[in-house]
Amino acid sequence: MTPADLSSQILHILAALQSEGTLPAFDLPKEVVVERPKNRDHGDWATNVAMQFAPKFGLVPRDLANLLVSELAKVSGIEKVDVAGPGFINITLSAAAAGELAKQIVLAGEKYGTGSALAGIKMNLEFVSANPTGPIHIGGTRWAAVGDSLARIFEAQGASVTREYYFNDHGAQIDRFARSLLSAAKGEAAPEDGYAGEYINQIANSVLANHPDAASLPEAEATETFRAHGVELMFGEIRKSLEDFGVHFDVFFHENSLYETGAVQKAIERLRTLGHIYDLDGAVWLRSTTFGDDRDRVVIKSDGEAAYIAGDLAYYLDKRERGFDRAIYMLGADHHGYVQRMMAMCAAFGDQPGVNLEILIGQLVNLVKDGEPVRMSKRAGTVVTMEDLVDAVGVDAARYALTRSSINSMVDIDLDQLSKKTNDNPVFYVQYAHARTKQVANNAVSLSVDDSEFDPSLLTHPSESDLIAKLAQLPAIMAHSSLERSPHLVARYLEEVAGAYHRWYDACRVTPLSGKPVESVHRTRLWLNNAASVVLANGLRVLGVSSPERM
RNA sequence: GCGUUUGUAGCUCAACGGAUAGAGCAUCUGACUACGGAUCAGAAGGUUGGGGGUUCGAGUCCCUCCAAGCGCACCA
């Protein structure tokens with residue numbers, strides 16, 4: 001008996017009361033809130049349905065609650081149920097009914113915690129999308145960790161997810177990058193508006209190694225050579241860093257291709273046909289104010305060059321034409337000013353902003369040294385990269401630390417502190433719990449405790465009730481995390497599971513003390529141990545963190 | 001000035017509008033010749049930035065003020 005089971009029981013009872021005329025008819029939701037009360041005296045599970053629905057039924061909450069309680073009391077597996085406070089319904093399950101879940105979890109294995117809320121939905125999740133003018137820095141690393149985890153969470157809800165990286169290989173920043181490489185190759189100082197740093201020298205040298213005469217070509221040709229090959233090299237490094245970080249992109253979309261294929265022109269023509277494009281002062285404008293933007297946006301500048309948004313128009317249209325129901329963009333807070341114009345664009349195409357196009361804004365990562373914020377600058381070469389972070393703490397700790405906080409809050413990273421005090425990262429607490437489940441299972445085998453028996457009525461210790469209840473919440477956590485686009489909820493949940501497991505381990509033995517016989521309770525506890533193992537592993541998997549068997 | 005995000009324990013942060021606001025780290029006191037002590041038990045720590053409002057109930061929603069981050073281009 002899980003909270004989800006209780007939810008459907010309650011709805012079933014309400015529907016029955018409606019059809020027999022005891023309660024007036026109105027549409028019931030698909031599920032009701034059933035949660036673990038903070039205070040254990042309130043029972044195993046509690047629901048606020050009576051307070052939620054009483055007004056719609058024209059009743060006072062406590063009367064509706066009493067109606068429900070008398071029905072719930074008849075449900076097998078429910079040991080005790082009563083009304084408390086303003087109308088909460090507190091439910092206590094029998095140990096057997098609650099513990100049954102342990103076996104279900106083990107049998108479900110990797111499937112436990114998945115759902116079907118997004119079944120049949122094609123999602124395009126775009127994240128990182130850092131310019132190929134340098135390595136991925138710490139901010140991009142956060143989106144790599146969070147974005148990939150989010151993709152895994154969507155997939156666990158049945159969605160088909162394409163992870164996509166928009167590669168800005170067109171425009172002024174790339175030109176600056178190319179000129180910076182050329183300057184480095186010539187041994188000159190970086191251009192005023194260019195990039196500096198050791199990686200620029202390395203790439204310039206790599207280009208020279210393959211094209212020894214590149215620097216001595218005429219200016220335009222030389223720049224083009226360094227642009228083409230430099231971008232290619234940088235691109236390769238970025239892909240490798242991401243793969244090493246455990247993040248695999250299905251599509252690397254090149255901005256440049258939108259211009260080469262005429263997709264930009266096509267998108268503008270589409271909008272012009274729809275009446276949302278006009279010409280003024282020699283420029284081409286999108287009338288985005290029609291759809292709530294602050295001002296209209298220039299799409300083609302009066303010098304004939306495309307503005308940045310031109311690529312966005314074509315890119316969004318391309319995604320929709322590739323069949324994605326939802327295009328989700330993850331952007332840093334430094335880009336949140338784009339949201340309105342992007343949403344306006346979406347509406348201009350006749351789509352639904354917030355549905356077909358969704359933009360997640362994540363706060364930036366602060367680099368801290370000795371308690372003082374440090375400004376990261378590609379130009380000054382003070383950038384902390386994805387590789388720096390992984391070198392300092394490893395992939396697991398890095399991904400966990402970056403995914404554990406809400407994207408709405410800023411994260412401080414102090415490399416010196418991370419490389420010293422890695423064990424204050426809660427990832428080890430969770431991983432240790434998982435390793436412990438595996439070692440307990442191994443010990444059980446060697447002491448002839450097997451899984452030939454399962455009698456959940458023996459799981460009566462308070463720590464067992466707590467652990468089972470915690471394990472029962474994984475499906476709801478995963479669904480909520482998906483709905484809220486919040487992977488950090490999974491991390492926080494795992495920390496609670498790990499705590500519940502450690503406390504149970506401390507109080508309840510799977511293997512008997514030496515000299516004592518193996519009993520039913522030991523075999524049954526092995527199931528619970530393995531259920532905890534499954535939950536921890538499933539949770540860590542969606543965070544992209546490994547589940548070690550020993551540490 | 002306008003927009004946006006944030007403000008919760010000493011620090012880092014949680015908390016679908018629910019009951020006595022929770023974890024980790026740090027501090028203090030305890031627990032192994034018992035399945036891994038990277039653990040566990042306990043203590044201490046709070047006017048959820050201030051003030052109004054909405055309701056059975058507000059850290060959460062609305063208004064306002066304060067403080068901080070980030071944006072406000074025919075740049076990308």
Side-chain angles (χ1 to χ4, degrees), chain A residues 33 35 37-39 41-42 46-48 51-52 54-55 60-62 84-88 90 131 133 168 170-176 193 255 280-285 294-295 297-309 311 332-340 361-364 366 373 401 404-412 421 423-426 428-433 435-436 438-444 446-447 449 463 476 479-480 483-484 488-489 491-493 495-496 498-499 501-514 522 525-526 529 550-551:
Chain A
V33 175
E35 57 187 6
K38 286 167 194 146
N39 188 340
D41 296 340
H42 293 150
T47 177
N48 62 359
M51 288 174 290
Q52 295 273 315
V60 290
R62 285 195 66 104
F88 287 103
N90 292 331
N131 287 340
T133 55
N168 299 110
H170 183 273
Q173 291 195 25
I174 289 295
D175 294 341
R176 284 202 281 273
D193 57 353
E255 180 185 13
L280 180 69
D281 299 337
V284 178
W285 297 70
D294 291 336
R295 65 180 67 192
R297 303 292 170 177
V298 168
V299 178
I300 303 291
K301 295 183 274 183
S302 52
D303 65 3
E305 290 289 312
Y308 186 76
I309 195 175
D334 53 339
H335 289 80
H336 84 260
Y338 296 5
V339 175
Q340 274 192 323
I361 296 298
Q363 297 303 306
L364 303 176
N366 263 333
R404 168 173 199 269
S405 298
S406 159
I407 63 168
N408 287 333
S409 60
M410 289 184 292
V411 167
D412 288 341
K421 304 170 58 185
N423 52 341
D424 66 5
N425 188 326
F428 296 110
Y429 183 75
V430 177
Q431 286 186 312
Y432 181 71
R436 184 172 251 181
K438 290 300 185 184
Q439 294 311 308
V440 167
N442 289 342
N443 291 335
S446 58
L447 291 170
V449 178
S463 68
H480 191 213
L483 205 60
E484 298 288 323
H488 77 279
L489 296 175
R492 300 291 172 160
Y493 165 73
E495 290 166 28
E496 291 173 13
Y501 177 77
H502 285 311
R503 285 186 285 279
W504 171 71
Y505 167 91
D506 201 62
C508 299
R509 295 186 58 89
V510 170
T511 56
L513 291 175
S514 60
H522 301 114
R525 281 179 183 158
L526 179 58
N529 177 78
R550 35 182 100 243
M551 297 176 68

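Computed from heavy atoms alone, side chains included, the values below leave out hydrogens, waters and symmetry copies. Below, chains carry the letters A, B, ... as their sequence lines are ordered, and counting in each starts from 1.
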**Prompt:** Hey, which of these two, A:Cys508 or A:Ala46, hits RNA chain B nearer its 5' end, going by closest nucleotide?
**Reply:** A:Ala46
**Message:** Check this one for me: any side-chain N or O of A:Tyr429 less than 4.0 Å away from OP1 or OP2 of B:C40?
**Reply:** yes
**Prompt:** Would you say a side-chain N or O of A:Tyr501 is under 4.0 Å from OP1 or OP2 of B:U39?
**Reply:** no
**Prompt:** Can you check side-chain hydrogen bond (donor to acceptor under 3.5 Å, both in side chains) on A:Tyr505 and A:Asn529, steps first, answer last?
**Reply:** CA-CA 9 Å; A:Tyr505 167 91; A:Asn529 177 78; over 6 Å; no
**Request:** For A:Asn366 and for A:Gln173, find the nucleotide of RNA chain B with the closest heavy atom, then tell me which residue's nucleotide is more 5'.
**Result:** A:Asn366
**Message:** Using atom C1' in both nucleotides, what's the gap between B:G22 and B:A31 to the nearest angstrom?
**Reply:** 25 Å
**Prompt:** On a whole-Å scale, what distance lies between the C1' atoms belonging to B:A73 and B:A21?
**Reply:** 45 Å
**Request:** Pull out every stem in RNA chain B, meaning runs of 3 or more consecutive Watson-Crick or G-U wobble pairs with both distances under 3.5 Å.
**Result:** B:1-7 with B:66-72, B:10-13 with B:22-25, B:27-31 with B:39-43, B:49-53 with B:61-65
**Message:** Heavy atoms only, 4.0 Å cut-off, all strands: where does A:Ala283 land among base, sugar-phosphate and nothing?
**Reply:** base
**Prompt:** Looking for any heavy atom pair under 4.0 Å, which part of the strands does A:Asn90 touch: base, sugar-phosphate only, or nothing?
**Reply:** base
**Prompt:** Just by protein heavy atoms under 4.0 Å, how would nucleotides 1-17 of chain B read 5' to 3' in B, S and -?
**Reply:** --BSSS------SSSB-
**Message:** Does the structure show A:Phe88 stacking with B:A19, if we require the centres to be closer than 5.5 Å and the planes to be within less than 30 degrees of parallel?
**Reply:** yes
**Message:** As a test of reading the structure: which of B:G24, B:A38, B:C40 is closest to the side chain of A:Phe428, going by heavy atoms?
**Reply:** B:A38
**Prompt:** Nearest to the side chain of A:Arg503, which nucleotide is it out of B:G36, B:A41, B:C74?
**Reply:** B:A41
**Request:** With heavy atoms under 4.0 Å as the rule, sort A:Arg295 into base, sugar-phosphate or nothing.
**Result:** sugar-phosphate
**Asked** What nucleic acid atoms does A:Asp281 come within less than 4.0 Å of, heavy atoms only: base, sugar-phosphate, or nothing?
**Response** base
